[in-house]
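Working notes for the structure below.
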There are 2 protein chains.
Amino acid sequence: MMKYKSFDHMDCSLAQTLDVIGERWTLLILRDIFFGVKRFSQFEKSLDIAKNILAVRLNRLVDEGILLKQSSNEGSHPEYKLTDKGLDLQPILLSMTHWGDKHKPNSKGQRLIFVENRTGQPIRTMSVVSKEGKKLNPREVKATLGPGLSDTWPFEPTICQSDF
Amino acid sequence: MMKYKSFDHMDCSLAQTLDVIGERWTLLILRDIFFGVKRFSQFEKSLDIAKNILAVRLNRLVDEGILLKQSSNEGSHPEYKLTDKGLDLQPILLSMTHWGDKHKPNSKGQRLIFVENRTGQPIRTMSVVSKEGKKLNPREVKATLGPGLSDTWPFEPTICQSDF
DNA sequence: AATATATAGTTGCATGATGAAACCAAATTG
DNA sequence: CAATTTGGTTTCATCATGCAACTATATATT
């Protein structure tokens, strides 16, 4: 049984990431975990997802080292929790949440406000920041070739940046 | 013809975002545009995507106001470019790229380095930042209900944050 | 100007992924 | 210890994607 070609073969960090978390439901499952959901039936209810698909997604995330599947005492119902690798996904989820807040808002106002635990102050909107800590617009950023992509750059060298 | 249920009905900013950019190929198309790709045949070659799917994805992005389809002079081949709404996706793409850099690296080193145009200095890794500008760990952040989600919060009030 | 080729799609069909329902064993509850 | 819930697996129908053939228009060549 041949599967859809994965993005895994592409030598691109974005494609690699998508290969792991880009399938339908996966990011919503992760959102739930960030909100404290731990068990199979909770995901099912929260997401209205088919059991078989949920099982496939959870197993994949465990295989990829993003989730840990653990039973408190031997033989009890398993719980899923984020590994450090999984916690590192938070900027992705928050960037997407902020984009939705701005461009697909709820008419009554912001749905969720993410705050710093300690102070209760809202966090900053996710944005691209220069080395010196200045917020940067898309036009102020370009890509340059690193050691990993010596000569295999797929785009014309002159257009590592769009003129938008 | 019934389609897969979209995530559009969920009152969740992340789900809203996924509904627009969460389908297979969409984020890779957007990546290419950020790198300067403009035309149908360029996407085709760069991504090795089927023409019909590419057409569907591009049309959707245009419909959603993320891309603009324009022909320089009347009747010439169209070009696709990012709107401001589309440019706002940059933090999402960069967050995903940085995660891939860290957790699915190329053995020879970083593939691309994103730098500030003006200075040539690499930008900071995307991260969650407090109001005062301090980098925050996942555990230091929690969600609180905004005006948009008055009473309809789907998770138990006590678990707006996972204990990880 | 006429011809050839590339571009930007569209259409129809085969194949892969997802969804719904039935089923089941082990864990938990009463 | 009986009943129910949980955490799945399996099967089959439906939807999405991939592939190849086809087309009309735009661009390049002679």
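Sequence lines set the chain letters: A, B, ... in the order given, protein chains first and strands last, and positions in each chain run from 1.
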### B:Trp25 side chain, from C-beta outward: closest of C:dA20, C:dG9, D:dT17
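Looking only at side-chain atoms, B:Trp25 lies closest to D:dT17.
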### Message
Measuring from the side chain of A:Tyr4 (C-beta onward, heavy atoms only), which nucleotide among C:dA20, C:dA17, D:dT9 has the closest atom?
### Response
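Output: C:dA17.
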### Task
Just jot down the side chain to side chain donor-acceptor pair (under 3.5 Å) partners of B:Asp63, sequence neighbours excluded, or say none.
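Residues passing side chain to side chain donor-acceptor pair (under 3.5 Å) with B:Asp63: none at all.
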### Query
With a 3.5 Å cut-off and no angle check, do the side chains of B:Ser95 and A:Ser95 form a donor-acceptor pair?
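Result is yes, a qualifying pair exists.
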### Message
I'd like to compare against my own output: the B/S/- annotation of nucleotides 1-8 of chain C with a strict under-4.0 Å heavy-atom distance to protein.
### Response
------SB
### Query
Can you get from B:Met126 to B:Val115 by hopping between Ile, Leu, Val, Met, Phe, Trp and Tyr side chains that sit under 4.5 Å apart?
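Different hydrophobic clusters.
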### Side-chain donor or acceptor of B:Gln16 paired with backbone N/O of B:Asp8 under 3.5 Å
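Confirmed, B:Gln16 side chain pairs with B:Asp8 backbone.
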### Task
Output, in order, the C-alpha distance, side-chain angles, deciding distance and verdict of salt bridge (Lys or Arg N to Asp or Glu O under 4.0 Å) for B:Asp19 and A:Lys104.
CA-CA 10 Å; B:Asp19 197 61; A:Lys104 298 276 175 178; over 6 Å; no
### Query
For A:Lys5 and A:Asn52, take the nucleotide of DNA chain D holding the closest heavy atom to each; which residue's nucleotide lies nearer the 5' end?
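Closer to the 5' end of DNA chain D: A:Asn52.
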### Between the first and last five pairs of the helix from C:dA1-D:dT30 to C:dG30-D:dC1, the angle of the axes, rounded to 10 degrees
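If I round to tens, the end axes sit 30° apart.
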Measure from [atom1] on [X] to [atom2] on [N] and round the result to the nearest Å.
{"X": "A:Leu47", "N": "C:dA20", "atom1": "CG", "atom2": "P", "value": "13 Å"}
{"X": "A:Leu54", "N": "D:dT6", "atom1": "CG", "atom2": "P", "value": "14 Å"}
{"X": "B:Lys3", "N": "C:dA20", "atom1": "NZ", "atom2": "C1'", "value": "21 Å"}

### Query
Taking for each residue the nucleotide of DNA chain C with the nearest heavy atom, is it A:Arg57 or A:Ser76 whose nucleotide lies nearer the 5' end?
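Here A:Arg57 is the residue nearer the 5' end.
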### Query
Taking for each residue the nucleotide of DNA chain C bearing the nearest heavy atom, is the 5' side occupied by A:Glu23 or by A:Asn73?
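Here A:Glu23 is the residue nearer the 5' end.
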### Query
Under 30°, 30 to 60°, or over 60°: which ring-plane class applies to A:His98 and A:Phe114, parallel, tilted or perpendicular?
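Geometry flag for A:Phe114 against A:His98: perpendicular rings.
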### Task
Tell me whether the centres of the aromatic rings in A:Phe43 and A:Trp25 are closer together than 6.0 Å.
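Ring centres of A:Trp25 and A:Phe43 not closer than 6.0 Å.
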### Message
Do B:Gln90 and A:Val128 make a side-chain contact, defined as non-hydrogen atoms from C-beta onward lying under 4.5 Å apart?
### Response
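The answer is yes; the side chains approach within 4.5 Å.
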